[in-house]
Amino acid sequence: GELSALINGRRVFGERKARSIEELADMPNMYLEHTEQSEVTMNPMNTRGMVPVISWVAAGHFSDAELSPTDDLIKWVPCLAPHSKGTFALTVSGISMMNPNGNPSFEDGDIIFVDPARLPENKSCVIVTLEGSNSATFKQLVIEPDGRKYIIPLNPNWGDKPIEIEGDASINGVVIGKWVDIF
């Protein structure tokens, strides 16, 4: 049969999957076979380990209870920031969140990490599902002193008007960092 990575004595995924995770995470070959480090590096769903990159449509219907990354899994990427178990990643599409005035700024193709357990604050970059849309959108959250909440693009040339949102219901998660492929 196929060799599996051993995690706490349990076989979790096959040889090919282990090698591809190692490759994606820049781990040495056969790294996942070393069980003494299984706590952190082995389990792709571990709090500091690998995070699934999913589609914007999947993110639009995202709920902690039914994350099935297998349906919409594009690839796994390592997330170095502390994050909750439900954290997922998205590939930025377009330049509405590219900020010519500095950071934070997100380019087309950047991978962003989204933590659904993180509480959104004023100026948080958030993933939001707007009513009537089946796909998530990526904007900056602005919370007015009176408590009203708006989402805006970081790119001032984008021309989207601020959109008011009710409560936190439509916020799927807070962006906690990004991964940039330089190749």
Side-chain angles (χ1 to χ4, degrees), residues 24 44-182:
L24 282 171
M45 295 305 274
N46 190 276
T47 47
R48 262 191 189 277
M50 306 293 286
V51 169
V53 180
I54 63 175
S55 73
W56 286 88
V57 170
H61 300 282
F62 183 80
S63 79
D64 234 358
E66 23 185 334
L67 174 62
S68 49
T70 45
D71 303 343
D72 281 281
L73 178 62
I74 296 161
K75 62 178 178 177
W76 291 92
V77 289
C79 179
L80 303 177
H83 57 275
S84 76
K85 206 175 87 182
T87 298
F88 59 94
L90 294 162
T91 304
V92 174
S93 149
I95 56 166
S96 72
M97 291 297 279
M98 203 168 93
N99 184 356
N101 308 317
N103 281 327
S105 179
F106 304 89
E107 315 250 338
D108 188 66
D110 284 358
I111 289 172
I112 49 174
F113 297 107
V114 185
D115 190 340
R118 187 73 60 96
L119 284 172
E121 296 163 14
N122 187 33
K123 302 276 201 220
S124 287
C125 292
V126 294
I127 301 301
V128 177
T129 305
L130 297 173
E131 221 167 303
S133 169
N134 76 334
S135 162
T137 185
F138 176 30
K139 295 285 183 279
Q140 185 175 45
L141 178 68
V142 176
I143 304 175
E144 296 289 352
D146 64 9
R148 286 188 307 177
K149 295 178 180 173
Y150 297 89
I151 51 169
I152 58 169
L154 283 173
N155 188 336
N157 310 321
W158 197 245
D160 273 5
K161 299 207 170 27
I163 300 169
E164 188 167 358
I165 59 173
E166 301 288 320
D168 290 328
S170 53
I171 297 178
N172 307 1
V174 173
V175 175
I176 56 170
K178 69 176 178 176
W179 168 273
V180 181
D181 276 327
I182 50 173

Note: Thr129 and Gly60 closest approach over all heavy atoms is OG1-O, 3.0 Å
Between Ala59 and Phe88 the two heavy atoms that sit nearest each other are CB-CE1, 3.8 Å
Q. Are any non-hydrogen side-chain atoms of Ile111 and Lys75 less than 4.5 angstrom apart?
A. yes
Sequence neighbours excluded, the answer for side chain to side chain donor-acceptor pair (under 3.5 Å) partners of Asn103 is none
Just so I know, are the side chains of Leu154 and Cys125 near enough to count as touching, which here means a heavy-atom distance under 4.5 Å?
yes
Item to complete: Could you check if a side-chain atom of Ser96 sits within less than 4.5 angstrom of a side-chain atom of Lys139, using non-hydrogen atoms only?
Response: yes
Between Ile127 and Ala136, the two heavy atoms sitting closest are CG2-CB, 3.5 Å
Quick one, Ile163 with Thr137, criterion side chain to side chain contact (heavy atoms under 4.5 Å, CB included). Give me CA distance, side-chain angles, the key distance, then yes/no. CA-CA 12 Å; Ile163 300 169; Thr137 185; over 6 Å; no
Residue pairs meeting ring-ring contact (aromatic ring centres under 6.0 Å, His included), one or both in residues 118-165, sequence neighbours left out, come to Phe106-Phe138
Between Pro120 and Leu141, the two heavy atoms sitting closest are CB-CD2, 3.6 Å
### Query
Between the side chain of Asp115 and the main-chain N/O of Ser84, is any donor-acceptor distance below 3.5 Å?
yes
Side-chain heavy atoms of Val92 within contact of Glu107, under 4.5 Å: no
On a heavy-atom basis, the closest approach of Pro156 and Asn101 is CG-ND2, 4.2 Å
Sorted by chain and residue number, the side-chain contact (heavy atoms from CB on, under 4.5 Å) partners of Asn122 (sequence neighbours excluded) come out as Val142, Ile143
dist Met97:CE -> Ile112:CD1 (nearest 0.5 Å) comes out at 7.5 Å
Exactly one candidate in Val174, Ile171, Val175 meets side chain to side chain contact (heavy atoms under 4.5 Å, CB included) with Ser124; the answer is Val174
Original post:
Are Val114 and Asn172 close enough, and set up right, to give a side chain to side chain contact (heavy atoms under 4.5 Å, CB included), and what steps lead you there?
Top reply: CA-CA 8 Å; Val114 185; Asn172 307 1; 5.6 Å; no
dist Lys149:NZ -> Glu164:CD (nearest 0.5 Å) comes out at 11.0 Å
(message) Quick one, Trp179 and Cys79 - any side-chain contact, counting heavy atoms below 4.5 Å?
(response) no
Check: Ser105 main-chain N/O paired with Lys178 side-chain donor or acceptor under 3.5 Å
yes
Value for CD (Glu131) from CD1 (Ile165), rounded to nearest 0.5 Å, stands at 12.0 Å
Report task. Could you tell me whether a side-chain N or O of Gln140 sits under 3.5 Å from a main-chain N or O of Lys123, the two making a donor and an acceptor? Result -> yes
Ile54 and Leu90, any side-chain heavy atoms less than 4.5 Å apart: yes
Ile176 and His83 have their tightest heavy-atom pair at CD1-CB, 3.5 Å
